[in-house]
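To start, the structure itself, in structure tokens.
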2 protein chains.
Amino acid sequence: MALNKKQSFGKKEQDLAECSKALAHPARIAILKVLAQHNECICGEIVDVLPLAQSTVSQHLKELKNAGLIIGTIDGPRSCYCINWKAFEKFNREFSFLFNHLKTEQACC
Amino acid sequence: MALNKKQSFGKKEQDLAECSKALAHPARIAILKVLAQHNECICGEIVDVLPLAQSTVSQHLKELKNAGLIIGTIDGPRSCYCINWKAFEKFNREFSFLFNHLKTEQACC
DNA sequence: ATCTTATATCGCAAATATACGATTAATATT
DNA sequence: AATATTAATCGTATATTTGCGATATAAGAT
């Protein structure tokens with residue numbers, strides 16, 4: 001039975017995996033790309049650009065928000081999203097930290 | 001129906017997502033950590049360290065291998081894995097490239 | 001007050017991922 | 001040749017993700 005074994009791992013491993021999971025879909029990468037390219041926040045424009053239904057895009061946005069990778073603010077009847085650069089830098093740092101141990105002295109393979 | 005819409009996105013988005021997906025489980029992060037810490041390749045030692053069955057670990061290793069993040073060579077009756085640093089560097093480069101556009105001039109949120 | 005617009009949420013179906021025990025394959029050891 | 005060891009694969013159950021239409025919510029326009 002696929003019981004949840006994820007909790008058996010350390011917090012750092014879980015956090016990194018969680019963050020990676022948020023990036024694990026081309027639609028969410030595409031959303032981030034759009035947000036990065038526009039200096040100002042966007043909302044339903046993302047729906048126009050992506051080949052997905054509005055409800056699906058909304059769900060992807062929610063996942064990115066939950067992972068802390070984007071920030072969403074309500075602006076009248078519309079929502080405004082933008083990238084949380086601090087979270088990205090943290091991700092990058094954690095990522096590098098974990099694998100910067102023996103990069104130089106690789107003995108095999 | 002959850003038809004595969006992933007193919008509707010660009011190759012770069014798909015590749016990045018694919019790579020991220022490989023990192024999207026704490027077990028696989030843990031495996032990579034073990035491989036990074038040991039200068040030499042490992043195999044069933046990973047099974048001893050992780051709280052998972054042998055078959056499950058084997059499956060995770062396969063996914064990491066398919067994503068190109070690790071390299072596996074057969075050494076007699078045992079298998080020997082190690083990190084593919086080049087793939088990691090490529091991932092890091094792609095990742096940074098995608099989000100290094102407007103990091104500095106953030107106007108909102 | 002009603003209508004429009006923008007977005008989130010719900011409910012569902014299909015697809016994928018996770019996990020394990022059992023089995024298989026391949027090599028060493030006896 | 002028979003046995004033990006190591007790891008991959010198969011079959012299966014369960015859990016999670018993906019995707020959409022329909023509906024709800026919330027604010028602005030008429």
Side-chain angles (χ1 to χ4, degrees), chain A residues 1-9 13-14 17-31 34-35 40-67 70-82 109, chain B residues 1-9 13-14 17-31 34-35 40-67 70-82 109:
Chain A
M1 320 103 194
L3 218 81
N4 209 348
K5 287 261 175 168
K6 286 179 186 173
Q7 281 122 16
S8 328
F9 296 90
E13 282 81 5
Q14 285 185 55
E18 203 59 36
C19 215
S20 300
K21 198 167 69 179
L23 299 170
H25 195 288
R28 293 195 286 273
I29 298 282
I31 288 173
V34 173
L35 290 177
E40 46 175 16
C41 300
I42 322 199
C43 47
E45 300 173 50
I46 299 166
V47 177
D48 297 336
V49 175
L50 299 195
L52 296 169
Q54 178 267 320
S55 59
T56 308
V57 172
S58 194
Q59 227 174 314
H60 281 306
L61 283 166
K62 193 181 172 188
E63 278 172 77
L64 286 168
K65 205 166 108 182
N66 285 343
I70 65 174
I71 298 164
T73 51
I74 296 162
D75 171 28
R78 62 200 73 194
S79 285
C80 173
Y81 290 99
C82 61
C109 293
Chain B
M1 318 107 195
L3 219 80
N4 210 349
K5 287 260 177 168
K6 286 179 187 175
Q7 282 123 15
S8 327
F9 296 89
E13 282 81 4
Q14 286 186 54
E18 202 59 38
C19 217
S20 300
K21 197 167 69 178
L23 298 171
H25 195 290
R28 293 194 286 271
I29 299 282
I31 288 172
V34 173
L35 290 177
E40 46 174 16
C41 299
I42 321 198
C43 46
E45 300 172 50
I46 299 167
V47 177
D48 297 337
V49 175
L50 299 195
L52 297 169
Q54 178 266 320
S55 59
T56 308
V57 172
S58 195
Q59 228 174 313
H60 282 305
L61 283 166
K62 191 182 172 187
E63 278 172 76
L64 286 168
K65 205 166 107 183
N66 285 343
I70 64 174
I71 299 163
T73 48
I74 296 162
D75 170 27
R78 63 200 71 196
S79 284
C80 174
Y81 288 101
C82 61
C109 294

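By convention in this document, chain letters (A, B, ...) are assigned in the order of the sequence lines, proteins followed by strands, and residues within each chain are numbered from 1.
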#### Entry: Rounded interatomic separation in angstrom, taking CG from A:L52 and C1' from C:dA8
16 Å

### Query
So does A:K5 get a side-chain nitrogen or oxygen closer than 4.0 Å to the phosphate oxygens (OP1/OP2) of D:dA15?
no

### Query
Rounding to a whole Å, what distance do you find between B:D48:CG and D:dT5:C1'?
13 Å

## Note on the structure
Rounded to whole Å, CD of A:Q54 lies from C1' of C:dT5 at a distance of 11 Å

Would you tabulate the nitrogen or oxygen pairs shorter than 3.5 Å linking the protein to nucleotides 25-30 of chain C?
none

### Task
Would you please confirm or rule out a distance under 4.0 Å between OP1 or OP2 of C:dT16 and any side-chain N or O of B:N4?
yes

### Query
Between B:E18 and B:N66, is any pair of side-chain heavy atoms under 4.5 Å apart?
no

## Note on the structure
Note: for A:A53 and B:C43 on DNA chain D, the residue whose nearest nucleotide lies more 5' is B:C43

### Task
Answer yes or no: does a side-chain N or O of A:Y81 lie under 4.0 Å from OP1 or OP2 of C:dA6?
no

### Task
Give the C-alpha distance, both sets of side-chain angles, the deciding distance and a yes or no for side-chain contact (heavy atoms from CB on, under 4.5 Å) between B:V34 and B:E45.
CA-CA 9 Å; B:V34 173; B:E45 300 172 50; over 6 Å; no

### Query
How far does NZ of A:K62 sit from NZ of A:K65, to the nearest 0.5 angstrom?
9.0 Å

### Task
Calculate, to the nearest 0.5 Å, the distance between atoms CD and OG belonging to A:E13 and A:S8 respectively.
11.5 Å

### Query
Between atom OG1 of A:T56 and atom NZ of B:K5, what is the distance when rounded to the nearest 0.5 Å?
8.0 Å

### Message
Check whether A:Q14 reaches the backbone of A:F9 with its side chain - one donor and one acceptor, N or O, closer than 3.5 Å.
### Response
yes

### Query
Rounded to the Å, how far apart are B:K6 NZ and D:dG19 P?
7 Å

#### Entry: Residue-level proximity of residues 55-66 of chain B to DNA chain D when a heavy atom falls under 4.0 Å
B:S55, B:S58, B:K62

### Query
Tell me, which of residues 18-29 of chain B have any heavy atom that sits under 4.0 Å from an atom in DNA chain C?
B:K21, B:H25, B:R28

### Query
Just how far is it from atom CD1 of A:I74 to atom SG of A:C43, taken to the nearest 0.5 Å?
12.0 Å

### Query
Rounded to the nearest 0.5 Å, how far does CD1 of A:I31 lie from CD1 of A:I29?
10.0 Å

#### Entry: Residue pair B:I71 / B:Y81, side-chain heavy-atom distance below 4.5 Å
no

### Task
Round to a whole Å and report the spacing from CD of B:E45 to P of D:dT5.
17 Å

### Query
Of the options A:K21, A:H25, A:R28, which is the one that meets A:E63 in a side chain to side chain contact (heavy atoms under 4.5 Å, CB included)?
A:R28

### Message
Once rounded to the nearest 0.5 Å, what's the spacing between atom CD1 of B:I42 and atom CG of B:L35?
### Response
6.0 Å

### Message
Tell me the interatomic distance from B:R78, atom CZ, to D:dA7, atom P, rounded to whole angstroms.
### Response
6 Å

